[in-house]
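Throughout, a chain's letter reflects where its sequence line sits, starting with A, and its residues are numbered from 1. Because the structure is a prediction, the values reported are computed rather than measured.
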2 protein chains.
Amino acid sequence: MVEEIQNKLNEFVKSKGLRKTPQRDAIVACIFAQDEHFTADELWDRVRSANIKASRATIYRTLNLLLEAKLLHEIDLGEDTKTYDPNFHDSPSHNHLICIDCGKVLEFEDSHIELLNDCITRRMGFRPKQQSIRIEANCEKLRTSGSCPSLIEARLNGKRLPKKR
Amino acid sequence: MVEEIQNKLNEFVKSKGLRKTPQRDAIVACIFAQDEHFTADELWDRVRSANIKASRATIYRTLNLLLEAKLLHEIDLGEDTKTYDPNFHDSPSHNHLICIDCGKVLEFEDSHIELLNDCITRRMGFRPKQQSIRIEANCEKLRTSGSCPSLIEARLNGKRLPKKR
DNA sequence: CTGATTGCAAATGCTTTGCACGCCA
DNA sequence: TGGCGTGCAAAGCATTTGCAATCAG
């Protein structure tokens, strides 16, 4: 999977008359080794702890290349910082549900939604190109049982919880 | 309509032990006099040309107050700068279609979509709180007839067109 | 060899904040 | 009179960019 993306990026890079470099390959490997969403800063941490020698500038430049090659997507999680999602390669049209209680993000696909959106778009005189749905919701488990594994885990790991709205 | 929002904000402000001020009222009036989306900077321009005496800091502080009071929403148009939408007061659950060709933003509501999202959310074990859909699409009119009024207008007004993705 | 890539630090752009002063309740 | 609100300028933060050195093809 990692290799597949590296190859695709390198093809893209070559097609633009640019070059294959070890830094880029290493950063790409670091990104696609997991399927978690991340910010540029979180990636920087990952890269450092993986002992990869690459500067922040190169991180940002590589992220932008990946976006341009459409191998990575920016997503809107309602945070202030840009968040990147490496999973669009496997599920090109997934959406996001964000738990307001613990910040956990679930990905989902639904063909009915897609179809419906498609119809709505056409009815308005447009040809749909891309659609993204973001649902913010409360955890039902937390509400009924008073606790939720994700929340406990989030607290344990000291993740910052969603800002209340 | 403007007055209604001003009153609501002032109630909110009072409930927090804060005060009613002429700057805030003026800025609120300036925002809700139109129904267009805007960035902080565009608001700053509007405010200046309306001859309102208020600093950038106050603009930002008022925007954040309005968000907190839920009288204004931040929306994701895929731009880098935060965009604000003053229309959630009238249509609390609308969505956005963004024309890739000219950048025009259309708002729409659809009860089927809402219902469907609601079901999907519950099936995943959550209680929906807020959902937002963003559709990026091409203009059918432009494709078939080779021209589109919005695009012409956008060019005339020197609006910057959507960055290609 | 040529020109793209990198790292560093400086620059940028948007937003927030500290502080002194003014003003509302 | 106390304390919130304001304006200003400075600080913050995430991201981008200029430049000289380095490296890929």
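Phosphate contact (OP1/OP2 of D/dC4, side-chain N/O of B/Thr21, threshold under 4.0 Å): absent. An OP1 or OP2 oxygen of D/dC8 is reached within less than 4.0 angstrom by no side-chain nitrogen or oxygen of B/Ser55.
Across B/Ile75, B/Ile98, B/Leu97, a single residue satisfies side-chain contact (heavy atoms from CB on, under 4.5 Å) together with B/Arg134, and that is B/Ile98. Each of A/Leu67, A/Thr39, A/Ile31, A/Leu43 was compared with A/Tyr84 under the side-chain contact (heavy atoms from CB on, under 4.5 Å) criterion, and only A/Leu67 meets it.
Distance B/Ile59 CD1 to C/dT17 C1': 17 Å, rounded to the nearest Å. For B/Asp80 and D/dT15, the CG to P distance is 10 Å, given to the nearest whole Å. When rounded to the nearest whole Å, the span between NZ of A/Lys16 and C1' of C/dT5 equals 14 Å. Rounding to whole angstrom units, CZ of residue B/Arg19 and C1' of C/dG22 are separated by 11 Å. Following rounding to the nearest Å, A/Trp44 (CH2) and D/dT16 (P) show an atom-to-atom distance of 16 Å. Across the protein-nucleic acid pair, B/Glu68 atom CD and C/dT16 atom P stand 12 Å apart, rounded to whole Å. Atom CG of B/Leu43 is separated from atom P of C/dT15 by 11 Å (rounded to the nearest Å). Put simply, CG on B/Asn10 is 17 Å from P on D/dC4, counting in whole angstrom units.
No hydrogens or angles were tested; on distance alone, nothing pairs the side chain of B/Arg56 with the base of D/dG7 as donor and acceptor under 3.5 Å.
Candidate nucleotides C/dT6, C/dC14, D/dG7 were compared by shortest atom distance to the side chain of A/Gln23, and C/dT6 ranks first. Here the nucleotide nearest the side chain of A/Lys82, chosen from D/dC4, D/dT17, D/dT15, is D/dT15. Considering only side-chain atoms of B/Thr58, the nucleotide from C/dC14, D/dG7, D/dA24 that sits closest is D/dG7. In the set C/dT15, C/dT5, D/dA14, C/dT15 carries the atom at the smallest distance from any side-chain atom of B/Tyr60. Side-chain atoms of B/Ala40 lie closest to C/dT15 of the nucleotides C/dG3, C/dT15, C/dC8.
At the heavy-atom level, B/Lys53 lies under 4.0 Å from the strands shown only through sugar-phosphate atoms. If you check every strand for non-hydrogen atoms under 4.0 Å, A/Arg24 touches sugar and phosphate atoms only. Within 4.0 Å (heavy atoms only), B/Asn64 reaches sugar-phosphate atoms of the nucleic acid but no base atom.
More than 12 non-hydrogen atoms from other residues, nucleotides or ligands lie less than 6.0 angstrom from CZ of B/Arg122.
For A/Phe88 and A/His94, the gap between ring centers is short of 6.0 Å.
Both A/Arg61 and A/Lys20 lie close to DNA chain D; mapped to their nearest nucleotides by heavy-atom distance, the more 5′-ward contact belongs to A/Arg61.
By the 4.0 Å N-to-carboxylate-O rule, A/Glu11 lies too far from A/Lys14 to be salt-bridged with it.
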